[in-house]
Amino acid sequence: MGLFDSFRAVLGISAESDATTKADPEDLFGMSTAYLTMEADLRFDSADEAALCFSSVDSTDFADTVDAVEDILTAGSEETGTEFSRHTDGHGYNWVVLADDDPEDLVTSVHFAADEFIERGYGSRLLAALFGFERDGDRAYWIYSFRRGAYYPFAPQGTSSRNQSLEFKLESVLDGELEIEDDESYWYPLWPSTRNGHPWE
Amino acid sequence: MNWKPDWGLRGRMALTMFLLFALYIVFAGVLFAYFQSLAVMAGFMGVFLFAQFFFSDKIALYSMGASVVDEDDGPQARKLHAMVGRLSQQADLPKPKVAIADTRVPNAFATGRSQKSSAVCVTTGLMDTLDDDELEGVIAHELAHVKNRDVMVMTIASFLSSIAFLIVRWGWFFGGDDNRQNAPVIVAIIASLVVWIISYLLIRALSRYREYAADRGAAVITGRPSALASALLKISGRMDNVPKRDMRDSSEMNAFFIIPIKSDFIGRLFSTHPSTENRVERLRDMEREMETV
């Protein structure tokens, strides 16, 4: 904790200012090559789905923003064939789910959607982008935190425990290629609500 | 979405802390200059208070009869974990522990001396009373307390005040027979009393300002000022309906006060939380700002 952080905490404004920190999408694109490494070195295939997760704001302007994001994705789907859907899950997370068998298109679509939120001043509401992988029934995800500008691995086992050895392996192999969150207390789990389901289902 | 910073609130908070700090400097100076033996005693008390701070999270959870729960401990625990996880993500905070206290009183609190050792506790009464959006508002308010390090700030702020209080209470037993002393112990006790009274009022003011700050934090985290506002109205309505004190007790007590303790200037000066109307009014301002800017 730096001096500036302590100062903000003393004035009681840490909560307010950190909840509105701008999104950091810089290192999102690392995922394009990570898909190749995941397949070549670890034999993890793309699950052909990715998702963007955000918290809403109870304002008309934000609703307009979500509509604009949908428009952009609709326009994009005509070009790349990336299908998308939007919903709110039982835990109150808002999702934009993308499906495409070309990982490159998934990364691009996530980036387009995220960019629109950022352009309209709602970058701070972006929580995470998830990219799904599978190997012989094992599920694994790379989760990009827009708040922290870094990736972390997430390998759920069932609906409330994580496969830590697999996460360790993913972290070790992809370290250097992806910007990885080094403070593990920020590796928030996003539990799927059914066994073998995706977190966004 | 960015709201205008509340400079008035920040200014008042900084001024309160400055006054408290100045008061403490003078108090500590007087203790060390004239009452060395009392200062040594104060040092021992300091160690005790530090230990209390160190175990504060366990003490708070224990005294509320709360227990820390995992994701697997039933649907309520699962829902809370998901909610706390998502809101901490938005607040950029490591996910705190989650605890549930089994009582009908709708309440919530956060403990922990650091962000990593913190816990958020809600009562079953709170979960029964509020809907999901409102519960989110309350949890975000507690996370804002964690984020602003309020346990730490309030512990440090009340540290010398507690010592002053202990000197008022026990000063007679100590330092009486020390002949190097150049002032009678009664002076120390009176000085401590004055320090204690002034610092008590300042600490209460500081506590109210930090509640406002946490309300703002909650509004920003949830992106929905109205959620916390309606939760506050619901809880305070419920609280007023459930009398907490025996009727005979309160009427007897009130007989001794010139102004009854409820809803007046003196009452407000002594309370740790601002009134619900004032809190809701400020949240309403944020709601308005969100739609018009």
Side-chain angles (χ1 to χ4, degrees), chain A residues 1 5-22 53-62 65 88-94 117 120-128 143 145-149 158-162 181 183-191 193 199, chain B residues 1-3 5-6 9-10 13-14 17 70-72 78-79 81-83 85-95 114-116 132-133 136 140-141 143-150 152-153 156 206 209-210 212-214 216-227 287 290-291 293:
Chain A
M1 182 172 71
D5 279 344
S6 326
F7 177 71
R8 288 191 316 173
V10 165
L11 276 186
I13 52 180
S14 300
E16 206 178 321
S17 54
D18 281 359
T20 49
T21 319
K22 287 199 173 66
C53 149
F54 58 93
S55 13
S56 70
V57 176
D58 183 24
S59 76
T60 322
D61 188 44
F62 187 76
T65 305
T88 304
D89 71 9
H91 299 316
Y93 283 90
N94 293 284
F117 279 108
R120 287 176 166 251
Y122 290 107
S124 63
R125 305 311 284 177
L126 290 171
L127 293 178
I143 303 184
S145 160
F146 287 94
R147 321 304 322 283
R148 307 190 60 84
T159 54
S160 59
S161 63
R162 41 208 302 179
E181 172 63 57
D183 186 346
E184 291 191 19
S185 56
Y186 287 97
W187 290 17
Y188 308 101
L190 288 165
W191 303 116
S193 40
Chain B
M1 181 72 221
N2 281 308
W3 282 267
D6 189 343
L9 177 61
R10 290 176 194 183
M13 202 183 291
M17 281 191 274
D70 284 335
E71 263 110 355
D72 299 335
R78 197 172 168 84
K79 179 171 132 184
H81 265 281
M83 210 176 253
R86 178 161 49 86
L87 295 170
S88 341
Q89 238 171 318
Q90 181 63 48
D92 194 19
L93 191 71
K95 188 177 156 207
S114 71
Q115 297 190 345
K116 301 221 165 164
D132 285 359
D133 282 343
E136 225 172 66
H141 173 93
L143 291 177
H145 275 312
V146 174
K147 192 80 204 185
N148 290 338
R149 296 187 162 79
D150 281 347
M152 173 94 88
V153 169
I156 293 173
L206 183 61
Y209 295 148
R210 297 198 81 84
Y212 281 131
R216 287 186 66 86
V220 173
I221 292 169
T222 54
R224 190 184 277 268
S226 61
E287 184 82 40
M290 204 162 79
E291 287 294 3
V293 171

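Lettering of chains follows the sequences in order, A, B, ..., and the numbering in each one begins at 1.
- Rounding to the nearest 0.5 Å gives a distance of 8.0 Å between NZ of B/K147 and OG of A/S17.
- A distance of 5.0 Å separates CD in B/Q89 from CG in A/L127, rounded to the nearest 0.5 Å.
- Neither the backbone nor the side chain of B/M83 comes within contact range of chain A, judged by heavy atoms closer than 4.5 Å.
- Distance check, rounded to the nearest 0.5 Å: CD of A/E16 to CG of B/D6 gives 8.0 Å.
- Chain B forms the most heavy-atom pairs under 4.5 Å with one residue out of A/Y188, A/W191, A/Y186, and that residue is A/Y188.
- Side chain of B/Q90 to backbone of A/S124: a donor-acceptor contact under 3.5 angstrom is found.
- For chain A, no part of B/E136 is nearby; none of its heavy atoms comes within less than 4.5 Å.
- Interface check for chain A: of the options B/V146, B/I156, B/L143, B/L93, the most heavy-atom pairs under 4.5 Å are formed by B/L93.
- Most heavy-atom pairs under 4.5 Å with chain A: of the set B/S88, B/A214, B/A91, this distinction falls to B/S88.
- In this structure, B/N148 contributes its side chain and A/S14 its backbone to a donor-acceptor pair below 3.5 Å.
- Note: B/R86 leads B/R10, B/R86, B/M13 in heavy-atom pairs under 4.5 Å with chain A.
- Proximity to chain A is limited to the backbone of B/T222, based on heavy atoms less than 4.5 angstrom apart.
- Heavy atoms closer than 4.5 Å to chain B are found nowhere in A/T21, neither backbone nor side chain.
- Of the atoms belonging to B/A144, heavy atoms from both backbone and side chain fall under 4.5 Å from chain A.
- Residue with the most contacts toward chain A among B/G217, B/A219, B/A82, B/P5: B/A82 (heavy-atom pairs, distance under 4.5 Å).
- The part of B/E71 that comes within reach of chain A is its side chain, from C-beta onward, which places non-hydrogen atoms under 4.5 angstrom from that chain.
- Minimum heavy-atom separation, A/A9 to B/V153: O-CG2, 4.4 Å.
- With values rounded to the nearest 0.5 angstrom, B/D92 atom CG is found 11.0 Å from A/T20 atom OG1.
- Most heavy-atom pairs under 4.5 Å with chain A: of the set B/E287, B/K95, B/H81, B/R210, this distinction falls to B/R210.
- Between A/T159 atom OG1 and B/D72 atom CG the span is 7.0 Å, to the nearest 0.5 Å.
- For B/R224, the parts sitting under 4.5 Å from any heavy atom of chain A are the backbone and the side chain alike.
- In this structure, A/D58 and B/S226 have side chains that are in contact, with non-hydrogen atoms separated by less than 4.5 Å.
- Note: B/M290 CE to A/T60 OG1 = 8.0 Å, rounded to the nearest 0.5 Å.
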Test side chain to side chain donor-acceptor pair (under 3.5 Å) applied to B/E291 and A/S59, step by step = CA-CA 6 Å; B/E291 287 294 3; A/S59 76; 5.0 Å; no
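- Using a 4.5 Å heavy-atom threshold, the side chains of A/D183 and B/K116 count as touching.
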Given A/S160 and B/R78, is the side-chain contact (heavy atoms from CB on, under 4.5 Å) satisfied, shown in steps?
-> CA-CA 9 Å; A/S160 59; B/R78 197 172 168 84; 4.0 Å; yes
